[in-house]
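Read the numbers this way: they start at 1 and go in the same order the structure lists the ligands and their atoms. Count residues from 1 along the sequence. Atom set for the values below is all heavy atoms of this structure, side chains included, hydrogens, waters and symmetry mates excluded.
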Amino acid sequence: MALSYDDVVAKYEPVLGLEVHVELNTKSKMFCSCATEFGAAPNTQTCPVCLALPGALPVVNEKAIESTILIGLALNCKIAPYSRFARKNYFYPDMPKNFQISQYDEPICFDGYVDVEIETEDGPKQFRIEIERVHMEEDTGKSLHVGGATGRIHGADYSLLDYNRAGIPLVEIVTKIVPGTGKYAPEVAKAYVAELRDILRGLKVSDVKMEQGSLRCDANVSLKPIGSDVLGTRSETKNVNSLRSVERAIRGEMIRHAELLNAGQKVKQETRHFQEDTGLTRSGRSKEQAEDYRYFPDPDLVPVTPDAAWIEQLRAGLPERPSVRRKRLQQEWNVPDKEMAAMINADVLDIVEETVSLGADPTKARSWWLGEISRIANEKDLPVAELSIKPVDVAELVSLVSKGELTDKLARQVVEGVIAGEGTPAEVVAQRGIKVVNDDGALMAAIEKVCAEQAETAEKVRGGHLPAAGALIGAVMKETKGQADAARVRELLLKHLGQG
Ligand code: ZN
Ligand code: MN
């Protein structure tokens, strides 16, 4: 019998540590001029430097340094006037040099923080996540294991290597340990990664596509008995690549650790891999210590010494913070707190903003994305952004409803059609033959039928008791399968009953 999450947090206190890798969107790689575009044919974006051929020498990409400083500034970090690259030595076939150029004891940015807010039982609550360091490094290539059932190396017949990604600039953002989140640990971690993503997007330094791996999170989790100040042993779940998975992976690890501890067993310090289908993690390799990597300063690269005036210039140009942007949008759109929290939680803020920018009324745009569309997304177990309905479709839908060409009910059928891939709202309307019944003759026929069936109610209305009309209008709408304009039905009905 698996332990419940409530049992876990009644007894243990989680401690988090989050490492996020971000691929920068520079045109060229970190130490050579190869292109970085995603999806090119394997091994077409390589050169002697990123393939580590003898005698090839790296040269630092200035734009990558600029992007990293921007990230550090946006995360309230100090920027080191002098830092160095180091070699991190280990073997892996997708890493041609057999070391990764990274930064070790001299990161370019350090000592920052990010504040995140989540919705708790006692209302919104803020948590400060302290940032230990932000450093630069290069990405590895990719291995593709062929022939096995799972895409893993075990059971594969052979492996293919693609070095296009080798040498793409990466920034690693490492938090200090995050204590004190209690039962909200999974939500806080998710909110932190979401906040980072929004900050990075605002800085325009990365395309932050978690599903393509340009933003990935390693989640360290340990448990200690409540009240104890001795840290437990941590596990590190690698490369979690969606916001929802960050939350699920941490929750799952907390339960797994608690089950081990309750059984008197030890948690092993190791890396683990998150499995999307089950929400569980499986064991990876046992965790090495920093000293195993034999870091040393890279003798091929000069130290990074950014000019103070340049740093101040970058600071002055920082964009609006996501938290400030959220407050501004909430005011502009006149959204109650609870609804705003719901929008952030459902991750639809960008989508709603885009819909509004296409001319839709903010309240209507919000209610479509948070209501019907979110409901379908939940049913399909997909994030809203991955459905085939786009802001331009919702803007069109809102416009069709406000012009009276669709009722709300018909518009819901159109949403369904767009999500099913039947085309734009106008195309769905045309193909499905959806239209508002505004032929008064057809409406009158339905009204007469309903008034005959509910003669008693009709009599009340005739006698001047107008609230009773609601039931009749509802019945007419049902009779016309939701295709009638309710306002017109009301008008005709009241006139028919001598109240118009
Ligand atoms: Zn190259
Ligand atoms: Mn790293």
Side-chain angles (χ1 to χ4, degrees), residues 17-24 26-38 40-64 67-68 71-72 75 83-92 94-110 131-142 161-175 193 196 200 206 210 213-220 236-241 271 273 284-285 287-295 298 300-301:
L18 300 161
E19 296 168 26
V20 169
H21 283 90
V22 189
E23 263 180 16
L24 297 180
T26 53
K27 291 212 171 64
S28 58
K29 291 188 180 179
M30 187 77 214
F31 302 110
C32 63
S33 56
C34 287
T36 54
E37 222 157 291
F38 183 80
N43 297 307
T44 55
Q45 297 174 162
T46 57
C47 74
V49 173
C50 54
L51 289 175
L53 301 188
L57 287 171
V59 176
V60 174
N61 181 335
E62 184 183 0
K63 188 76 187 167
S67 298
T68 311
I71 294 171
L75 302 179
S83 69
R84 281 192 292 185
F85 286 100
R87 292 185 177 181
K88 180 182 184 181
N89 297 282
Y90 63 101
F91 170 78
Y92 207 78
D94 62 17
M95 193 175 65
K97 291 194 289 288
N98 279 346
F99 59 82
Q100 178 191 29
I101 304 178
S102 181
Q103 293 194 296
Y104 180 46
D105 49 353
E106 299 170 282
I108 182 164
C109 317
F110 56 97
I131 306 291
E132 165 120 4
R133 56 190 282 143
V134 175
H135 72 248
M136 297 177 281
E137 56 187 36
E138 54 178 344
D139 212 342
T140 58
K142 259 187 204 162
L161 289 162
D162 175 8
Y163 292 111
N164 283 352
R165 200 178 67 179
I168 287 193
L170 275 187
V171 166
E172 183 172 338
I173 302 164
V174 183
T175 67
V193 178
L196 266 191
L200 295 163
S206 168
M210 291 191 86
S214 55
L215 179 74
R216 37 195 205 260
C217 176
D218 301 341
N220 289 274
E236 179 180 5
T237 305
K238 300 291 280 183
N239 295 332
V240 186
N241 66 355
T271 62
H273 301 278
R285 56 194 153 85
K287 184 68 181 168
E288 5 353 67
Q289 305 291 328
E291 52 269 26
D292 297 331
Y293 288 114
R294 292 297 184 268
Y295 283 96
D298 193 308
D300 287 342
L301 286 159

Quick one: does Asn164's side chain have a donor or acceptor within less than 3.5 Å of a partner on Gln45's backbone? yes
Closest Glu137 atom to the Mn ion (ligand 2) [N, O or S only]: OE2
Within His21, is some N, O or S atom less than 2.8 Å away from the Mn ion (ligand 2)? yes
Would you call the rings of Tyr90 and Tyr293 parallel, tilted or perpendicular if under 30° counts as parallel and over 60° as perpendicular? perpendicular
If you consider just the N/O/S atoms, which atom of Glu172 is the closest one to the Mn ion (ligand 2)? OE1
Once rounded to 10 degrees, what value does the angle at the Zn ion (ligand 1) take between SG (Cys50) and SG (Cys32)? 110°
Under-4.0 Å salt bridge between Arg216 and Asp139: yes
With the threshold set at 4.0 Å, does a side-chain nitrogen-carboxylate oxygen contact exist between Lys142 and Asp94? no
